[in-house]
Amino acid sequence: MPENYLIEVNNLTKRFGAFTAVDSISFNVRQGEIFGFLGANGAGKTTAIKMLSGLLTPSSGDAKVIGFDVKTHAEKIKKNIGYMSQRFSLYEDLTVFENMRFYGGIYGLRSIEINTKAEEILNVLNLLNERNILVKSLPLGWKQKLAFSISILHNPPLVFLDEPTGGVDPITRREFWELIMEAANRGTTLFVTTHYMDEAEYCNRVSIMVDGKIEALGTPLELRQQMGVTNMEAVFLSLARKSSRSEL
Amino acid sequence: MRTVLFIIQKEFSQFFREKTNIRMLLVMPVIQLILLPLAANYEVRNIQICIVDHDHSGYVRELTHKIAASPYFKLNSYLDSYKDGLERMEHDEVDIVLEIPPDFEKTLIRENEAALSASVNAVNGQRASLGAQYLLAILRDFNREIRLKWVQFPKFNPVPIIQIDHSFWYNPMMNYKHFMVPGILVILLTMVGANMSALNLVREKELGTIEQINVSPIKKYHFIIGKLIPFWIMGQVVLTLGLLIARLIYGIVPLGSIFSIYLFSSAYLLCILGLGLLISTFANTQQQAMLISFFVMMVFILLSGLYTSIDSMPQWAQWVTKINPIAYFVQVMRLVIMKGSGIKDILPHLASILLMAGIIIPWAIWHYRKRS
């Protein structure tokens, strides 16, 4: 294989009873890219991301993440990825530092590493004064940025972000994407789901999922040219209109 | 193993952040240990008795005084009509109606025997049977006294000379508090432990933080052990507190060694906390976990031998007590505290509890799924 793929997906499918949430999707993610995983609510993005990160067992099909099979080596994958879910995942009743210490600890970081990393993150996020403040008293945007920073605390080569900017104001979204870009510059591969089309423009490549299937895949520019439109919003709308699934 | 330490640290930080938790852990057991033993009283006192007298003789007066003088009875009323007496029982004012027939004294002297009738309100079965027994004892006593008076110069003793005197071993004063307090302490420890552990894991499910755990490389047994240890420590704190209260308030000093209590509680807590965690791997919400844990604990407590003797349970219930951790701990507590049993005597109990913990904890680890 000429290219170095970090994620290889072949006909991956997930059924819940009679309902096929993810319907035989196939795609590859290259090392070092920001891969946008777009789709309307209920298109199957979260189900797909959960299969790739080892939280859900696929019904059929194959997927390799960092060279490990998701069916048989889920725990090996977990060691090498970061994950930030759409549900807020930090402990609200712990302080900012306690959260960093805990997540650093369970990924096997040494105490010194945790402390250096923590200082670094607090610096970047401008949270030095909030170090010992309970996470629940932080504004949502700060929480999201903190959650992202913690998800890459152990320097994983690959990070899954499931709608990381949901409910966040445009300025904070912009800042959030700066964090993502920085991580990408350091060589981290990012797999991001979103339904904000302006965010799609930041991605190296995007795929658009409709009703459990991938309907389009390419760079934002390619997709716009294919559909003959000027922005991603129009690309998305023309594809998503075909959806037969009502909002879940 | 370092992972486990990080989990323990996190659990403690979370626990002590919540003031309600500390209150639940420390204040609640103290209050319950002070209140419950006072209420869980097996002695029956102040039985309301109504005497319906159709005879109005000296003997009846004597008998009435005798009953009224007993600490167990309170002479509620002294009536002429049985109907009135029953009416009072209907209104729950009276527990026993003792009816004395006309010519009671005459018949007793002439025929050497006379009949009385006692009607007992058995809505509260225990009160009824104990009350009837106390009354019988008083009547027997009364009977013996008048017979002694009749026989002025006995050639041989007219009353049977075989008298059984009994002494109660291990609880010579039959102090029910010595019997109840160790048992109630077990129940407290169990309720606090099982609830804390059952609710904790399921709370992470509700908040969604469990997903972040599941996507990490944390080992399942690390996670369960990391959750067990903090509660295990807190359980021992509750036990220590309870033993202190038993000593300070009720003057209960274990006859056996404290060490054997702690040895047993160490195994017991593993078992009961494991059960809580197992329940929480099945439940999806705290409400579900609460209900399941409440149901399981209810059955275990009622079949624990704390309130009723295991020996008088039907065979199937006795079998259930074999897999009931609470029953073992209640027995061990009573053995060590009242009888002074040593480690050797509780070894069979200890082995059973360890076996149960050895099944429950791996089961909880196995049933906890990082991936669905």
Side-chain angles (χ1 to χ4, degrees), chain A residues 14 16 46-47 49-58 68 70-95 97-111 114 132 134-136 147 150-151 153-154 156 159-160 162, chain B residues 1-25 196 199-230 281 284-286 365-372:
Chain A
K14 181 69 188 181
F16 296 105
T46 299
T47 309
I49 218 168
K50 280 189 172 168
M51 282 193 281
L52 294 179
S53 52
L55 282 173
L56 266 179
T57 317
F68 299 113
V70 292
K71 278 185 179 160
T72 50
H73 291 91
E75 292 302 304
K76 285 207 171 118
I77 293 172
K78 287 174 186 174
K79 213 172 275 178
N80 292 295
I81 58 166
Y83 173 89
M84 178 188 164
S85 74
Q86 91 200 96
R87 260 178 102 180
F88 184 68
S89 53
L90 297 179
Y91 289 95
E92 302 240 336
D93 51 353
L94 292 181
T95 65
F97 178 72
E98 282 169 337
N99 266 292
M100 294 194 278
R101 184 176 59 190
F102 174 66
Y103 282 116
I106 62 173
Y107 280 95
L109 265 62
R110 283 175 304 151
S111 297
I114 294 175
N132 295 319
L134 292 189
V135 165
K136 69 172 150 221
I150 288 178
S151 74
L153 192 74
H154 55 292
V159 187
F160 291 99
D162 191 6
Chain B
M1 261 344 252
R2 272 183 77 250
T3 317
V4 177
L5 292 180
F6 279 103
I7 300 170
I8 295 173
Q9 186 180 42
K10 164 201 155 253
E11 291 300 327
F12 271 120
S13 315
Q14 283 184 302
F15 187 85
F16 288 110
R17 191 132 294 145
E18 201 64 64
K19 296 282 171 290
T20 340
N21 285 338
I22 305 164
R23 237 169 282 153
M24 191 180 93
L25 188 74
M196 276 196 309
L199 291 183
N200 179 284
L201 209 155
V202 96
R203 187 163 164 262
E204 294 221 25
K205 281 191 199 174
E206 277 187 0
L207 292 175
T209 46
I210 195 91
E211 198 172 270
Q212 204 66 36
I213 297 287
N214 289 345
V215 83
S216 79
I218 225 167
K219 298 256 191 314
K220 291 203 298 183
Y221 67 90
H222 280 162
F223 187 60
I224 295 288
I225 292 170
K227 290 262 174 199
L228 265 180
I229 294 175
T281 62
N284 289 318
T285 61
Q286 296 195 55
I365 293 173
W366 174 79
H367 194 260
Y368 159 52
R369 291 289 145 88
K370 283 184 73 180
R371 178 147 110 133
S372 43

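The basis for the numbers below is simple: all heavy atoms, side chains too, and nothing from hydrogens, waters or symmetry mates. So you know, we letter chains A, B, ... as the sequences are listed, proteins then strands, and number each from 1.
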S.K.: Give, for atom CD1 of A:Ile106 and atom NZ of B:Lys219, the distance between the pair rounded to the nearest 0.5 Å.
M.R.: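 NZ of B:Lys219 is found 12.0 Å from CD1 of A:Ile106.
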S.K.: If I measure from the heavy atoms of chain A, does B:Ile7 come under 4.5 Å with its side chain, its backbone, both, or neither?
M.R.: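 Looking at B:Ile7, backbone and side chain both touch chain A.
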S.K.: Before giving the answer on side-chain contact (heavy atoms from CB on, under 4.5 Å), spell out for A:Lys50 and B:Glu211 the whole-Å C-alpha distance, their side-chain angles and the decisive distance to 0.1 Å.
M.R.: CA-CA 10 Å; A:Lys50 280 189 172 168; B:Glu211 198 172 270; 3.1 Å; yes
S.K.: What residues, two or more places apart in sequence or in another chain, satisfy ring-ring contact (aromatic ring centres under 6.0 Å, His included) together with B:His367?
M.R.: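 With sequence neighbours excluded, B:His367 shows a ring-ring contact (aromatic ring centres under 6.0 Å, His included) to B:Phe282, given in chain and number order.
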S.K.: Could you walk me through whether B:Gln212 and A:Tyr91 pass the side-chain hydrogen bond (donor to acceptor under 3.5 Å, both in side chains) check?
M.R.: CA-CA 10 Å; B:Gln212 204 66 36; A:Tyr91 289 95; over 6 Å; no
S.K.: Taking it one step at a time, do A:Arg101 and B:Ser13 satisfy side-chain contact (heavy atoms from CB on, under 4.5 Å)?
M.R.: CA-CA 12 Å; A:Arg101 184 176 59 190; B:Ser13 315; 4.3 Å; yes
S.K.: Measure distances from A:Lys76 to the heavy atoms of chain B and classify the residue's part below 4.5 Å as side chain, backbone, both or neither.
M.R.: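 Looking at A:Lys76, nothing touches chain B.
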S.K.: What do you reckon, is NZ of B:Lys205 surrounded by more than 12 foreign heavy atoms closer than 6.0 Å?
M.R.: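 Yes - once you tally the heavy atoms of other residues, nucleotides and ligands closer than 6.0 Å, there are more than 12.
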S.K.: Just verifying a value: how many Å separate A:Glu75 CD and B:Ile218 CD1, rounded to the nearest 0.5 Å?
M.R.: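 Between A:Glu75 CD and B:Ile218 CD1, I get 10.0 Å after rounding to 0.5 Å.
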S.K.: Can B:Gln9 and A:Phe102 be said to form a side-chain contact (heavy atoms from CB on, under 4.5 Å), step by step?
M.R.: CA-CA 8 Å; B:Gln9 186 180 42; A:Phe102 174 66; over 6 Å; no
S.K.: How long is the span from the CG atom in A:Leu94 to the OG1 atom in B:Thr209, to the nearest 0.5 Å?
M.R.: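 The OG1 atom of B:Thr209 is 9.5 Å from CG of A:Leu94, to the nearest 0.5 Å.
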S.K.: Which region of A:Phe160, side chain (C-beta onward) or backbone (N, CA, C, O), has a non-hydrogen atom less than 4.5 Å from a non-hydrogen atom of chain B, or is it both or neither?
M.R.: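 Contact with chain B involves no heavy atom of A:Phe160 at all.
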S.K.: Between B:Arg2 (side chain only) and A:Leu109 (backbone N and O only), is there a donor and an acceptor less than 3.5 Å apart?
M.R.: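 Yes; at least one donor-acceptor contact below 3.5 Å.
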S.K.: Roughly how far apart are A:Ser89 OG and B:Glu204 CD, rounded to 0.5 Å?
M.R.: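 The distance works out to 11.5 Å.
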S.K.: How many angstroms lie between CG in B:Asn214 and CG in A:Leu55, if you round to the nearest 0.5 Å?
M.R.: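 B:Asn214 CG to A:Leu55 CG: 6.0 Å, rounded to 0.5 Å.
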S.K.: Quick one: CD on A:Glu92 to CD on B:Gln14, what's the gap to the nearest 0.5 Å?
M.R.: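 Here the rounded value is 11.0 Å.
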S.K.: Between A:Leu134 and B:Arg17, does the side-chain contact (heavy atoms from CB on, under 4.5 Å) criterion hold? Intermediate values first, please.
M.R.: CA-CA 10 Å; A:Leu134 292 189; B:Arg17 191 132 294 145; 3.4 Å; yes
S.K.: Could you pull out the closest heavy-atom pair between A:Tyr107 and B:Pro217, with the gap in Å?
M.R.: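 Scanning both residues, the minimum pair turns out to be CE2-CD, 3.1 Å.
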S.K.: Might you point out which heavy atoms bring B:Arg371 and A:Ala74 nearest each other, and give the distance in Å?
M.R.: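 Looks like NH1-CB, 3.5 Å.
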